[in-house]
Amino acid sequence: MLKIAVQKSGRLNEGSLALLRDCGIVVENGGDKLKAEASGFPLEVIFLRNSDIPEYVQDGVVHCGIIGENVLAESGAGIDVLQKLGFSRCRLSLALPKEGKYDGLSWFNGKRIATSYPNSLQKFLKKNELNAEIHLINGSVEIAPALGLANAVCDLVSSGNTLFSNGLKEVEVILKSEAVLVASRQLDGEARQLLDKLLFRIRAVLNARKYSYVLLNCPEERLDDIINILPGMKSPTIMPLAQKGWYSLHSVVHEDDFWNHIDALKANGAEGILIIPIEKMIY
Ligand code: PRT
């Protein structure tokens, strides 16, 4: 049985369980349960605080876990990132009162910075040869400048609303983060095999989330142009329509190119374009 640690409650919990669900693994997350056996895969889920997970993985109490990259960077735990998971994206940033004149990194010299991420901040200050004082606060870091406790803050930012409503502006990004699957470096044979199987399912789900399936109709004389726009995984599927001289073309399109491709398809005579989500994608 593979043991995975998932955040008990908070921003990572829902995305983690949704990812497992999309992998065909159902976990009951009711009440104050500390652990639950999943159905659909030999998996035991241990519910922990996000910040505690790196240590549990490092010590081999669990085989793997889903955490925010920022937590791993801060903990410095000796564990491996197996896969970026594409949710709970945020950044660890430096911010200061919006009326302050910011003229580059040297602004921080001699300043006091409030943060819950002292190790990541210390590393950044050292790398940039800055001499600032770190003021450790657990929670509500953004109010520190208004209380006169610090000149600036180093905190997680997602939409930027918290900084804005506290009269702060973001001036430097220290690191970017998203949810990641991490694993212990010492796994026995069975755990390693199960983890490989889980990773295979996760990758199939993540690939599918990045692509859509496209079906369209086009006249024969535009087929080559359309194939150039939509090369597909290997090459597109082409089928004749009942109407002579017309074809149906099926392919996949990546989310990054999606709207550009749709515009180009329309401009090249594609009609009746259907876009369908893909559930799993295995190369
Ligand atoms: O208690 P536990 O250790 O389990 O969790 P946690 O204290 O890390 O709490 P949680 O659930 O708040 O965050 C879990 C993880 O979600 C973090 O470690 C990040 O990897 C990720 N994440 C993504 C965020 C945010 N976005 C985020 N916006 N974590 C915190 N925030 C906070 C931030 O600290 C600030 O207070 O949200 C506020 C800013 O948000 P915006 O949208 O106003 O910019």
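By convention here, the first residue in the shown sequence is residue 1. Ligands are counted one by one from 1 in listed order, and the atoms in each one are counted from 1 as well. Everything numeric here is computed off the predicted structure, so don't read it as measured data.
Under the 3.5 Å distance criterion, with hydrogens and angles disregarded, no donor-acceptor pair is assigned to the side chains of Arg49 and Gln7. Donor-acceptor pairing under 3.5 Å is lacking for the side chains of Glu142 and Thr162.
For ligand 1, the atoms sitting less than 4.0 Å from at least one non-hydrogen atom of Asn161 are 43 (O), 44 (O), numbered in the order shown with element in parentheses. Heavy-atom proximity to Gly68, at under 4.0 Å, picks out these atoms of ligand 1: 20 (O). In the vicinity of Ser88, heavy-atom distances shorter than 4.0 Å reach the ligand 1 atoms 23 (C). Counting atoms of ligand 1 from 1 in the listed order, those under 4.0 Å from a heavy atom of Ser159 are 41 (P), 42 (O), 43 (O), 44 (O). Listed by number with element, the atoms of ligand 1 under 4.0 angstrom from any heavy atom of Asp155 are 34 (O), 35 (C), 36 (O). The ligand atoms of ligand 1 that sit less than 4.0 angstrom from a heavy atom of Val157 are 44 (O). Residue Gln7 has at least one heavy-atom neighbour below 4.0 Å for each of these atoms of ligand 1: 2 (P), 4 (O), 5 (O), 9 (O), 10 (P), 11 (O), 14 (C). Proximity to Val71 (heavy-atom distance under 4.0 Å) selects the following atoms of ligand 1: 18 (O).
With Tyr117 as the aromatic partner, Lys123 does not meet the cation-pi criteria of under 6.0 angstrom to the ring centre and within 45 degrees of the ring axis. Taking the centre and axis of the six-membered ring of Trp107, the NZ or CZ atom of Lys111 falls inside the cone set by 45° and 6.0 Å.
Looking at Pro54 and Ile79, their side chains come closer than 4.5 Å, going by heavy atoms from C-beta outward.
Given atom 19 (C) of ligand 1, the protein heavy atom at minimum distance is Asn70 OD1, 3.3 Å. Nearest to atom 35 (C) of ligand 1 among the protein's heavy atoms is Leu156 O, 3.5 Å. Nearest protein heavy-atom contact of atom 26 (N) of ligand 1 is Cys90 CB, 3.4 Å. At the shortest separation from atom 8 (O) of ligand 1 among protein heavy atoms lies Asn50 ND2, 3.1 Å. The protein non-hydrogen atom at the shortest distance from atom 40 (O) of ligand 1 is Thr162 OG1, 3.6 Å. Protein heavy atom closest to atom 1 (O) of ligand 1, with residue, atom name and distance, is Arg49 NH2, 3.0 Å. Scanning the protein for heavy atoms near atom 11 (O) of ligand 1, the closest one is Arg11 N, 2.8 Å. Protein heavy atom closest to atom 3 (O) of ligand 1, with residue, atom name and distance, is Ser51 OG, 2.9 Å.
Of the polar atoms of Leu163, none of the N or O atoms is found under 3.5 Å from an N or O of ligand 1, judged by distance alone. On a distance-only criterion, Tyr117 and ligand 1 share no N/O pair closer than 3.5 Å. Remark: ligand 1 and Glu69 share no N or O pair separated by less than 3.5 Å (distance only, no angle test).
Between Arg209 and Asp22 a salt bridge is recorded (basic side-chain N to carboxylate O distance below 4.0 Å). Using a 4.0 Å cut-off between charged nitrogen and carboxylate oxygen, Lys210 and Glu255 do not count as a salt-bridge pair. Of the charged side-chain nitrogens involved, at least one lies within less than 4.0 Å of a carboxylate oxygen, so that Arg91 and Glu170 count as a salt-bridged pair.
Shown here is Phe41, whose CZ atom has more than 12 heavy atoms of other residues, nucleotides or ligands within 6.0 Å. Annotation for Phe124: atom CZ counts as buried by contact number, over 12 foreign heavy atoms lying within 6.0 Å. Other residues, nucleotides and ligands place more than 12 heavy atoms under 6.0 Å from the CG atom of Asn228.
Listed here is the closest heavy atom pair of Pro97 and Asn151: CD-O, 3.2 Å.
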